[in-house]
**Student:** 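Here's a structure for you.
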Amino acid sequence: MFVSHLHDNRHQITAHLAKTMSFLTLSTAELEATLIKELNDNPALELVEELRCPNCGKRLYRLPCPTCAAPSADGSPVVYLSPREPRNYRSTEAENDEALDIRTPERLDEHILRQIGPALTRAERPLAAYLLARLDDDGLLPEAIPEVAAFNHVHPRDVERVLSLIQHADPPGVGAQTPQESLLIQLECLAEVTTPLMTKLARTIIQHHFEALGKMDYARIARQLRLPRESVEAAARFIQRNLTPYPARVFWGDGKHPVGNDGAALRDLDASISILNRAEGGPLMVEVFAPLSGWLRVQPEFKAALEECAEAEQETWGAAVERAALVAKCLQQRNHTMRRLMQIIAEEQRDFILGGDGDLRPLTRAKIAHTLGVHESTISRAVAGKAVALPDGRIVPLSKFFDRSLSVRDRVRHLVNEEKSPLTDDQIAAALGEQGLQVARRTVAKYRKMLGILPANVRSRQEIFRPRPVRS
DNA sequence: CTATGGCACGGATT
DNA sequence: AATCCGTGCCATAG
């Protein structure tokens with residue numbers, strides 16, 4: 001939409017009409033594309049060659065060089081603007097390769113579509129898209145097949161075929177209609193690589209004794225199956241360890257989508273935070289990736305030629321020059337804002353950057369806007385749809401720094417992990433209150449659900465249905 | 001009667 | 001102005 005906006009205004013834009021262009025909204029990758037287009041279309045705009053560090057030769061947007069520079073005296077974060085790394089972020093230093101094992105964040109539906117795409121016929125594609133869109137946060141399909149078929153005007157058999165493709169795609173168990181079904185699908189995937197002994201009993205239990213399994217009533221299952229209680233318990237342990245009723249959360253841990261609110265993919269990074277010189281406790285170093293390596297300006301020759309040319313051409317060329325100046329200025333402004341924004345974030349959320357989710361401090365965009373003396377919407381735009389890499393390899397959307405409840409959720413997770421006997425929501429709320437966090441009981445319930453933790457009355461000392469720990 | 005989940009309202013945030 | 005988030009109230013399940 002931004003691009004079309006550009007086209008509409010191309011010939012009428014004048015300096016007094018538009019003082020800024022909304023570069024801030026764009027991610028670095030998007031901006032790069034926009035700028036390249038601008039460079040191609042506007043002869044008055046010029047990209048000046050990039051700088052290189054006199055010491056290490058690394059390409060820079062501006063001096064000093066991030067890797068060679070000295071840290072700031074007071075230990076505050078150092079913020080640099082550096083040329084964007086091509087495509088996915090990768091350390092050039094071999095020793096860091098392992099530490100930077102970065103999994104490109106991807107939406108669940110894209111992930112699945114990539115796998116099943118080749119097997120789909122043209123006619124099935126809309127149906128597949130529909131089904132994927134209907135998956136809930138856990139990766140389950142809450143809708144009944146006949147309804148889906150009716151809604152899409154297709155035969156139920158077609159739905160079944162596509163659904164079966166989805167169910168055999170990577171996060172095992174995804175696309176099932178109930179947790180029970182999901183478990184069974186996962187079991188089948190597992191059966192291919194495991195001894196059939198355990199899987200057979202596990203399947204029976206899941207199929208015919210699902211309720212009792214949830215309540216951990218092993219005695220009853222054992223009685224009905226006429227098996228020793230130990231076997232049943234072993235099977236339950238097997239299920240607990242290897243299966244999860246929330247297939248999507250194995251990779252999409254916190255239930256929040258790894259994409260920005262606007263739905264833009266966070267494939268490319270906009271900044272990276274590391275610890276200067278990898279020194280323990282050292283100051284943070286932030287690299288804000290610039291969309292181009294070099295800077296933009298109005299071509300001096302073009303400007304000079306403007307005065308000598310004919311009346312008729314003056315107008316169009318004059319517009320080009322003005323626009324070029326505008327683009328250059330706006331880019332500069334965006335870079336400036338991004339650097340200051342990252343500076344504050346690095347200062348404010350140092351603990352979170354170095355630690356974990358529990359260390360996130362409450363922070364609002366409005367507050368930053370105030371300290372920076374800009375309008376709130378400026379910060380909103382700057383934050384939207386951007387991602388940053390943290391020292392430990394995590395890639396988080398910028399908006400995560402403003403998540404009001406992340407640290408509380410983390411606390412809830414810990415409380416439940418450490419609990420001796422199942423805590424009710426009320427008890428959890430009280431415990432949080434003692435830690436100084438006043439949270440309503442109802443809110444605890446919401447967080448619990450987000451974390452994929454079942455209610456206390458279904459939970460017992462060994463929770464079966466807790467999703468396995470996600471990569472951390 | 002207790003613990004939860006659904007709905008929806010109001011205030012804060014964007 | 002639109003959206004998100006915490007919370008209170010009430011129905012329901014155990």
Side-chain angles (χ1 to χ4, degrees), chain A residues 1 20 22 24-27 136-138 140 142-143 178-179 210-217 220 245-246 254-264 337-338 340-341 344-345 348-349 357 360-387 396-413 415-416 419-433 435-461 463-466:
Chain A
M1 74 163 186
T20 60
S22 24
L24 205 50
T25 330
L26 277 52
S27 75
D136 62 19
D137 284 348
D138 298 333
L140 303 181
E143 223 160 312
T178 64
F210 191 64
E211 268 186 49
L213 177 66
K215 292 177 190 159
M216 311 211 37
D217 190 352
R220 200 172 111 208
Y246 308 113
D254 54 6
K256 293 228 163 187
H257 296 287
V259 294
N261 298 331
D262 51 8
T337 311
M338 288 303 293
R340 294 201 297 165
L341 171 66
I344 298 206
I345 289 183
E348 209 71 24
Q349 302 287 23
D357 288 354
L360 194 73
R361 291 218 247 142
L363 184 66
T364 67
R365 297 160 172 79
K367 192 174 153 198
I368 293 191
H370 183 73
T371 52
L372 246 44
V374 298
H375 196 276
E376 300 169 3
S377 67
T378 308
I379 303 298
S380 276
R381 291 174 202 276
V383 167
K386 305 210 174 56
V396 302
L398 228 47
S399 59
K400 188 160 177 170
F401 290 104
F402 303 91
D403 192 318
R404 272 176 275 165
S405 62
L406 191 70
S407 70
V408 185
R409 286 208 300 270
D410 201 56
R411 283 244 183 48
V412 171
R413 194 207 307 271
L415 281 170
V416 176
E419 79 189 358
K420 216 163 152 245
S421 61
L423 295 170
T424 68
D425 291 346
D426 259 325
Q427 290 170 314
I428 294 177
L432 287 172
Q435 296 184 29
L437 298 165
Q438 214 183 335
V439 187
R441 180 234 109 217
R442 193 62 191 77
T443 311
V444 173
K446 286 245 155 107
Y447 290 168
R448 199 171 38 68
K449 195 178 178 185
M450 280 191 212
L451 294 168
I453 301 171
L454 283 188
N457 50 22
V458 204
R459 223 160 55 207
S460 88
R461 214 178 97 49
E463 305 90 28
I464 286 219
F465 293 129
R466 173 105 50 80

**Student:** Search all heavy atoms of Y447(A) against all heavy atoms of V412(A) and return the closest pair with its distance.
**Tutor:**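 Nearest heavy atoms, Y447(A) then V412(A): CD1-CG2, 4.3 Å.
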
**Student:** From dG6(C), dA3(B), dT14(B), pick the nucleotide closest to the side chain of N457(A)?
**Tutor:**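 The listed nucleotide nearest to N457(A)'s side chain is dA3(B).
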
**Student:** Does K449(A) place a side-chain N or O at less than 4.0 Å from the phosphate oxygens OP1/OP2 of dT4(B)?
**Tutor:**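 Indeed not, no polar side-chain atom of K449(A) lies that close.
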
**Student:** Which atom pairs, donor and acceptor, lie under 3.5 Å between side-chain atoms of residues 378-385 of chain A and protein residues at least two apart or in another chain?
**Tutor:**
residue, atom, partner, partner atom, Å
T378(A), OG1, H375(A), O, 3.2

**Student:** Report yes if a side-chain nitrogen or oxygen of T364(A) is closer than 4.0 Å to either non-bridging phosphate oxygen (OP1 or OP2) of dT13(B); otherwise report no.
**Tutor:**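 No.
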
**Student:** Could R448(A) and D425(A) be called an ion pair, given the rule that one side-chain N must be under 4.0 Å from one carboxylate O?
**Tutor:**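 A salt bridge is present here (some side-chain N lies under 4.0 Å from a carboxylate O).
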
**Student:** Rounded off to whole Å, could you give me the CG-to-C1' distance for the D425(A) and dG6(C) pair?
**Tutor:**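 Roughly 14 Å, once rounded to whole Å.
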
**Student:** Which whole-number value in Å describes the distance from K367(A) NZ to dT14(B) C1'?
**Tutor:**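 Result: 17 Å.
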
**Student:** Go through residues 375-382 of chain A and report each residue with a non-hydrogen atom lying under 4.0 Å from DNA chain B, sorted by number.
**Tutor:**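 Close to the strand are E376(A), S380(A).
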
**Student:** Please classify the nucleic acid contact of T424(A) as base, sugar-phosphate, or nothing, using heavy-atom distances under 4.0 Å.
**Tutor:**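 Sugar-phosphate: the residue T424(A), judged by heavy atoms under 4.0 Å, touches backbone atoms but no base.
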
**Student:** Would D410(A) and R413(A) pass as an ion pair if we require N to O under 4.0 Å?
**Tutor:**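 R413(A) and D410(A): salt-bridged.
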
**Student:** Tell me whether E376(A) contacts the main-chain N or O of A369(A) through its side chain, where contact means a donor paired with an acceptor under 3.5 Å.
**Tutor:**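 Not at all, since once roles are kept as given, no pair shorter than 3.5 Å links the two residues.
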
**Student:** For the residue pair E419(A) and Q427(A), establish whether any side-chain heavy-atom pair is separated by less than 4.5 Å.
**Tutor:**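 Answer no - side chains too far apart.
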
**Student:** Rounded to the Å, how far apart are L24(A) CG and dT14(B) P?
**Tutor:**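 Interatomic distance, CG of L24(A) to P of dT14(B): 15 Å.
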
**Student:** OP1 or OP2 of dT13(B) sitting under 4.0 Å from any side-chain N/O of R365(A)?
**Tutor:**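 Checking R365(A) against dT13(B): no side-chain N or O falls below 4.0 Å of OP1 or OP2.
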
**Student:** Are a donor atom and an acceptor atom from the side chains of Q435(A) and R411(A) found within less than 3.5 Å of each other?
**Tutor:**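 Short answer, yes.
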
**Student:** Can you measure L423(A) atom CG to dA3(B) atom P for me and round it to whole angstrom units?
**Tutor:**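 Taking CG of L423(A) and P of dA3(B), I get 12 Å after rounding.
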
**Student:** In whole Å, what is the span from the CE atom of M450(A) to the P atom of dG6(C)?
**Tutor:**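 After rounding, the gap between these two atoms is 6 Å.
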
**Student:** Does dG8(C) have OP1 or OP2 sitting under 4.0 Å from an N or O in the side chain of R441(A)?
**Tutor:**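 Looking at the OP1 and OP2 atoms of dG8(C), neither is under 4.0 Å from any side-chain N or O of R441(A).
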
**Student:** Whole Å only: how far is the CZ atom of F402(A) from the P atom of dA12(B)?
**Tutor:**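 Between P of dA12(B) and CZ of F402(A): 19 Å.
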
**Student:** Once you apply a heavy-atom cut-off of 4.0 Å, does V439(A) come out as touching a base, just sugar-phosphate, or nothing?
**Tutor:**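 The answer is sugar-phosphate, as V439(A) gets under 4.0 Å only of primed atoms, P, OP1 or OP2.
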
**Student:** How close or far is atom C1' of dT14(B) from atom NE2 of H370(A), stated in whole angstroms?
**Tutor:**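 Nearest whole value for this atom pair: 18 Å.
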
**Student:** In whole Å, I'd like the distance from the NZ atom of K400(A) to the P atom of dC5(C).
**Tutor:**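 Result: 14 Å.
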
**Student:** Between dA3(B), dG8(C), dG5(B), which one does the side chain of D426(A) approach most closely?
**Tutor:**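 When the side chain of D426(A) is considered, dA3(B) is the closest of dA3(B), dG8(C), dG5(B).
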
**Student:** Heavy-atom nearest nucleotide on DNA chain C for R442(A) versus R404(A): which residue maps closer to 5'?
**Tutor:**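 It is R404(A) whose nearest nucleotide is closer to the 5' end.
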
**Student:** Has the side chain of E348(A) got a donor or acceptor atom that lies under 3.5 Å from a matching backbone atom of R361(A)?
**Tutor:**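 Such a contact is absent between E348(A) side chain and R361(A) backbone.
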
**Student:** Distance check: side-chain N/O of Y447(A) vs OP1/OP2 of dC5(C), anything under 4.0 Å?
**Tutor:**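 For Y447(A), the contact criterion (side-chain N or O under 4.0 Å from OP1 or OP2 of dC5(C)) is not met.
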
